[in-house]
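Note sheet for the following structure.
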Amino acid sequence: MKRIPVSRCASQLLAQPLPRRPSCPYATAKTTRRSITPHNHRIQARFQSTAAIQHDGELEVELPEAAGIASTPSSRSASRGPRAAYLKPLPLEQLPSPHPSAAERSTKLHALRSRLSLPPRFPLQALARTLVHPSADPNPAFNNASLSILGRHLLGYYTSEWLLCNYPRLPMPVVFAAVEAYIGPKALATVAGEWGIEAAAEPGGEVDSGLLQFKRLKSGDELPAALRRQAPWKWNVTTTHKIMTTDEFGSSNAPPSPHALQKTPVPMEEAAQSFVRALIGALHVHLGSPLVKRFFRDHFLSRHLDISTLFDFRTPTRDLSRLCAREGFEGPVARLVSETGRLSRHPVFVVGVYSGKDKLGEGAGSSLDEARTRAAAAALKAWYLYKPVEVTVPSSMEGELDTSKWRPNLIDCGEVIV
Amino acid sequence: MPLSAIKTVAKAQNGVGAFVLQCKRLDFHYCNWWGSSHGMNTFIKSSLPSFAKRNPQVEFSVSPRPRKHPVIIAHYINGTQRSICVKNLQNEGVREKAELLRDSNGEKNRKIGKPVASINESVRGIWDPFHGAKINI
């Protein structure tokens with residue numbers, strides 16, 4: 001069995017461990033092999049190589065020897081001298097989630113790792129841990145809660161910096177909607193489905209580690225209180241407040257913390273999105289940020305989203321005249337470019353919006369007013385969807401010594417305020 | 001608010017960034033007794049290990065199915081499954097069928113009419129009678 005020392009880079013992932021509850025037995029076992037300390041029964045039963053809690057020095061654990069151990073749990077403590085007496089093996093059915101040593105033998109996990117083109121040095125135990133939702137296993141050392149928090153922040157960071165650098169003039173509601181289209185809960189659940197993730201009917205230690213482990217919400221049951229719509233962050237929600245204090249989607253109420261969902265039945269979508277986030281977090285911990293950025297570009301930014309379809313203007317003509325006044329252009333004037341069938345049942349008017357001699361936008365409609373509104377919306381979209389030719393996102397300079405490739409990004413003063 | 005946004009989900013374009021093989025699992029069923037399984041049994045013994053090594057994205061399972069013709073069943077990411085009966089086929093024929101199942105995407109076979117199908121809008125835009133060269137009739 002492989003031993004992976006991860007506590008070095010992952011100690012920030014989890015909160016302070018409970019006293020006398022060691023959670024990275026492999027790391028501790030590696031350093032201190034020969035001291036004897038009585039410790040928690042549960043940890044004895046399930047050794048884990050991917051848990052990312054701080055190193056505590058005085059722990060001795062017994063490593064499962066090789067493949068085949070977890071299938072015969074009684075053999076786990078059979079041949080290890082005097083300590084074997086008090087190592088009580090648990091039957092697999094009593095474990096809340098699969099034993100980490102079962103990960104190496106899961107064909108589903110091997111297939112999933114290759115399907116996502118992850119390098120073989122990404123440990124399968126880590127991949128197996130990202131598939132365990134807190135509703136299946138409440139122990140934070142064995143579920144994906146902490147990794148999914150890390151992954152959520154990484155995803156939010158990479159998506160929003162990419163959007164803000166590539167479309168510096170996007171209005172904030174559109175930025176939020178675009179972020180949600182890329183990495184929102186629905187999008188992540190779709191991504192998990194497209195990666196071929198299957199859910200276990202019921203979580204447990206005997207289940208294949210390649211299946212998504214979570215406690216299912218029964219059909220017809222009410223959503224648990226943690227997932228239901230709660231009181232908003234604040235009653236008077238402004239755009240500034242959304243930018244500064246809410247999550248990456250600018251949502252009006254706080255999402256439930258993954259740690260709060262222990263033992264709660266959750267819908268499949270919730271578990272699937274926590275898996276995708278946790279996978280990003282685990283990749284960051286085990287493989288480093290350059291690979292996460294490449295993975296993010298390949299799997300998320302490559303998705304198709306037409307941002308121009310996200311706009312929903314209420315009064316585009318008024319917005320456009322305010323924009324022209326702000327930018328010092330001449331006031332917009334709508335002029336009829338061409339028309340056909342004015343007296344018929346289906347007339348078409350083509351109207352252009354002009355500022356002085358420059359045409360800002362053009363739209364066609366079946367009435368003059370409709371065409372004018374469409375033209376103003378086209379002009380506004382042309383302004384808001386400006387895209388600089390050469391863009392370097394801030395995260396591309398992380399850890400770089402040579403910063404000569406950095407190009408400062410355009411920062412716009414923002415959308416029109418009416 | 002002068003402007004609100006419409007919520008949607010970005011569409012996947014498999015192969016644009018990352019490529020995810022759509023076949024996720026191949027089941028090989030054989031019979032030790034019937035002669036129709038002869039080629040399948042040879043395939044399982046000789047070629048299947050290397051075939052599985054070449055396709056690590058796919059989960060392979062081999063199981064006996066006594067007194068039945070040999071069959072390959074493929075499971076796809078979109079939830080469908082396709083099966084091909086490989087009775088009386090030789091080793092090569094079975095391998096070809098396995099590759100066919102591996103390479104298909106789980107959708108029903110249908111005729112592709114247009115040479116190009118794209119979700120990107122055309123660079124030229126929709127034809128418009130009011131623009132372009134003025135044609136006098």
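Atoms considered below: every heavy atom in the structure, side chains included; atoms not considered: hydrogens, waters and symmetry mates. To find a chain, count down the sequence lines: A is the first, B the second, and so on, and within it residues start at 1.
Between the CD atom of Glu415(A) and the CG atom of Leu3(B) there is a distance of 6.5 Å, given to the nearest 0.5 Å. For the atom pair NE2 of His304(A) and CD of Gln13(B), the computed distance is 6.5 Å after rounding to the nearest 0.5 Å. Glu59(B) CD to His110(A) NE2: the interatomic distance, rounded to the nearest 0.5 Å, is 11.0 Å.
A donor-acceptor pair under 3.5 Å links the side-chain atoms of Arg303(A) to the main chain of Ala10(B), judged by distance alone.
Ranked by heavy-atom pairs shorter than 4.5 Å toward chain A, the options Val58(B), Val16(B), Leu21(B), Ile119(B) are led by Ile119(B). In terms of heavy-atom pairs under 4.5 angstrom with chain B, the leader among Ser114(A), Ala177(A), Ala178(A), Ser117(A) is Ser114(A).
The contact between Phe19(B) and chain A is made entirely by backbone atoms, counting heavy-atom distances below 4.5 Å. Within the 4.5 angstrom heavy-atom criterion, only backbone atoms of Val416(A) (N, CA, C, O) approach chain B.
Minimum interatomic distance between Ile6(B) and Phe311(A) (heavy atoms only, all atoms of both residues): CD1-O, 3.9 Å. The shortest heavy-atom contact between Pro2(B) and Val418(A) is CB-CG2, 4.1 Å. Residues Ile77(B) and Trp195(A) share a closest heavy-atom pair of CD1-C, 4.1 Å.
Other residues, nucleotides and ligands contribute over 12 non-hydrogen atoms within 6.0 Å of the CZ atom of Arg102(B). Within a 6.0 Å radius of CZ in Arg54(B), more than 12 heavy atoms belonging to other residues, nucleotides or ligands are found. Within a 6.0 Å radius of NZ in Lys97(B), other residues, nucleotides and ligands contribute 12 heavy atoms or fewer. Within 6.0 Å of NZ on Lys87(B) lie no more than 12 heavy atoms contributed by other residues, nucleotides or ligands.
Of the candidates Lys24(B), His75(B), Arg25(B), Lys24(B) is the only one forming a side chain to side chain contact (heavy atoms under 4.5 Å, CB included) with Glu198(A).
With a 4.5 Å cut-off on side-chain heavy atoms, Glu180(A) and Lys7(B) count as touching.
Residues satisfying the salt bridge (Lys or Arg N to Asp or Glu O under 4.0 Å) test with Asp306(A), not counting sequence neighbours, are none.
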